[in-house]
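Working notes, beginning with the structure itself.
Note that the coordinates shown come from a computational prediction; the quantities given were computed from them, not determined experimentally.
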2 protein chains.
Amino acid sequence: MARTDVRERLLTVGLEALHKRGFNATGVQDITDAAKVPKGSFYNHFESKDALGVEVVQHYAAKGAERRLPLMEGSGPPLARLRAYFKSLNQLGPATGFSRGCLLGNFGTELPGQSPAIRAVLEAAFDDWAKAIAQVIREAQKAGDVSKDLSAETLANFLLNAWEGAVMRSKVEKDAAALDAFLSVTFNKILT
Amino acid sequence: MARTDVRERLLTVGLEALHKRGFNATGVQDITDAAKVPKGSFYNHFESKDALGVEVVQHYAAKGAERRLPLMEGSGPPLARLRAYFKSLNQLGPATGFSRGCLLGNFGTELPGQSPAIRAVLEAAFDDWAKAIAQVIREAQKAGDVSKDLSAETLANFLLNAWEGAVMRSKVEKDAAALDAFLSVTFNKILT
DNA sequence: AAGTCTGAGACGACCGGTCATATTTGACCT
DNA sequence: AGGTCAAATATGACCGGTCGTCTCAGACTT
C-alpha cells in the first residue's frame with residue numbers, strides 16, 4: 001500500500017472510529033485494526049494519537065464546509081436554505097440510531113481539558129461554522145425575513161450551540177424529538 | 001472510617017473527579033486516591049465503575065433539583081425566576097475556568113453508546129429537568145408573558161438542550177460568550 | 001469460636017508509544 | 001534489462017505503564 005494511501009486510510013478510519021466511540025474510549029490499536037494497518041505504522045504517519053485527533057477535527061470540519069455549500073451558494077431564499085441545511089444535518093442522527101452525535105460536539109465535550117491542540121482546532125472549526133450561519137442569517141435580515149433585534153452573529157452562535165445540545169439530547173433519548181424541537185423553535189420563533 | 005462515610009466519600013469525590021475529567025479519562029484509582037480510600041475498597045461499595053456512574057448521575061440530578069427550588073417555589077414572576085435560575089447556572093462556568101461543563105451533558109455525550117444503565121438515568125434526569133422548566137414556562141404563558149404559539153414542553157426542551165450546547169461551547173472557547181448569547185436570545189426573543 | 005468485612009496486591013487485558021529488524025525504494029552501475 | 005546497495009520506510013514484538021475487577025488472608029465484631 002502506498003504511503004499516502006495508508007495515511008489517508010488511517011485518517012478516514014480513525015475519524016469513523018473516534019466518532020463512533022469517543023476519543024478516550026478508542027485505542028490506537030482499534031484504529032489500526034479497523035484500517036488493516038500494522039500498529040507500528042501508525043507512528044510513521046502521525047506523531048501521536050493527539051495529532052491524529054487534530055487532523056480528524058480539521059478533516060471533519062472541511063467535510064462540514066463542503067456540506068454547507070448549498071447553504072452558502074444556493075439560489076433560494078436564505079431562510080429556506082438554512083432550514084434545508086439543518087434538516088439535512090438532522091437526518092444524520094437516525095441514520096446511525098442516534099449513536100454518533102456530532103464529532104465536534106463530542107470532542108468539544110470530552111477534550112478541551114486534556115488536549116490544548118484539539119481544543120484550538122475545535123474552536124476554529126466552531127467559529128468558522130458560526131460565521132457561515134451568521135452570513136445566511138444576515139442575508140435573511142437584509143431580506144426582511146428575520147428581525148434585526150439581535151445580531152446575526154448572536155443568533156448564529158446561539159443556534160449552532162442549540163443544535164449541538166439537541167444532538168447530544170437525541171443521543172441520550174435515542175429519538176429525534178430534540179432535533180424536531182430545534183427546527184420548530186428555530187424557524188417558528190427565533191428566525192422571525 | 002465508617003462504611004457509610006466511605007461510600008458517601010467515594011460518591012462525592014467520584015462525582016467531582018468524573019465531572020472534572022470525564023468518565024473514560026478518569027480511573028477508579030484516580031477516584032480512590034482522591035477519596036483517600038484504598039482501591040480494593042471501591043468494590044465493597046459499588047459493583048462497578050459503571051454503577052458508580054449511575055449513582056453519580058442520580059446524585060448530581062438530585063443536587064440540580066435542589067438548586068432549582070427557588071425557581072419552582074419562589075414568589076416572583078416566572079420569567080424573572082427563570083432568568084435568575086439560568087444566570088446562577090451560568091456562574092458555574094467561570095468559577096472553574098469553563099473546564100467542567102455540565103456533568104449531565106458531558107455524560108450524555110460520552111456514554112450513551114457504552115453504558116445503557118447510565119444512558120437510562122441520564123434520560124430520566126434530563127426529562128425531569130425539562131419538566132420543571134416547562135412548568136415555569138407554562139406559568140409564564142398563563143400570565144401572558146410568553147406566547148402560547150409553541151408548547152411549554154417544546155420550549156423547555158429546546159432551551160435545556162440549547163443551554164447544554166452553550167456550556168459545551170464555553171468549554172471550547174474558554175469564555176462566557178456562548179452563555180451570554182443563550183441568555184440574550186432566550187429572554188429577548190424566545191420567551192416573549 | 002464463628003461470622004462478617006476489608007483492602008493489598010494479583011489478575012488478565014489494554015494503553016500509547018518505541019525500536020531492532022525486515023522490507024522496500026530508487027540511484028547507480030554494468 | 002538486471003544487479004547492487006545505501007537509504008528510507010514499514011513492522012510487530014516489546015516496553016513500562018494503566019485499566020477495571022477480583023481474591024483471600026487478616027482484621028474486626030459479636
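The A:Asp30 side chain lies nearest to C:dC15 when the options are C:dA8, C:dC15, D:dA10. Side chain of B:Asn44, nearest nucleotide from C:dG7, D:dC19, D:dT11: C:dG7.
Side-chain N/O atoms of B:Tyr43 include none lying less than 4.0 angstrom from OP1 or OP2 on D:dC22. Listed pair B:Ser41 / C:dG7 meets the phosphate criterion, a side-chain N or O lying under 4.0 Å from OP1 or OP2. Remark: B:Lys49 is in phosphate contact with D:dG20, judged by side-chain N or O atoms under 4.0 Å from OP1 or OP2.
Taking atom CZ of residue B:Phe46 and atom C1' of nucleotide D:dC22, one finds them 18 Å apart after rounding to whole Å. Regarding A:Arg21, its CZ atom lies at a distance of 11 Å from the P atom of C:dC14, rounded to whole Å. Spacing between atom CG of B:Leu10 and atom C1' of C:dT6 amounts to 13 Å, rounded to whole angstrom units. Here C:dG16 presents its P atom at 10 Å from CG of A:Leu18, a figure rounded to the nearest Å. In this structure, A:Glu47 places its CD atom 9 Å from P of C:dG17, rounding to the nearest Å. Spacing between atom CZ of B:Arg7 and atom C1' of C:dG7 amounts to 18 Å, rounded to whole angstrom units.
We find the OG1-CG distance between B:Thr154 and B:Leu150 to be 6.0 Å, quoted to the nearest 0.5 Å. Here A:Glu139 contributes atom CD and A:Leu82 contributes atom CG; the two are 10.0 Å apart, rounded to the nearest 0.5 Å.
Contacts between residues 22-29 of chain B and DNA chain D, counted as heavy-atom distances below 4.0 Å, involve B:Thr26, B:Gly27, B:Val28.
We find that B:Arg119 and B:Glu123 are joined by a salt bridge, their nearest charged nitrogen and carboxylate oxygen being less than 4.0 Å apart.
Side chains of A:Asn106 and B:Thr109: a donor-acceptor N/O pair is absent below 3.5 angstrom, by distance only.
Between the side chain of A:Lys39 and the base of C:dG16, at least one donor-acceptor pair of N or O atoms lies under 3.5 Å.
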Exercise. Between A:Asn24 and A:Gln114, does a side-chain hydrogen bond (donor to acceptor under 3.5 Å, both in side chains) hold up when you go through it step by step?
Worked result: CA-CA 10 Å; A:Asn24 286 305; A:Gln114 142 181 357; 2.8 Å; yes
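Every salt bridge (charged side-chain N to carboxylate O under 4.0 Å, His left out) that A:Asp30 has, sequence neighbours left out, goes to A:Arg21.
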What side-chain donor-acceptor pairs closer than 3.5 Å can you find for residues 155-166 of chain B, not counting sequence neighbours?
from, atom 1, to, atom 2, distance (Å)
B:Asn157, OD1, A:Arg169, NH1, 2.9
B:Asn157, OD1, A:Arg169, NH2, 3.0
B:Asn157, ND2, B:Glu153, O, 3.0
B:Asn161, OD1, A:Arg169, NH1, 3.0
B:Asn161, ND2, B:Asn157, O, 3.1
B:Trp163, NE1, B:Asn90, OD1, 2.7

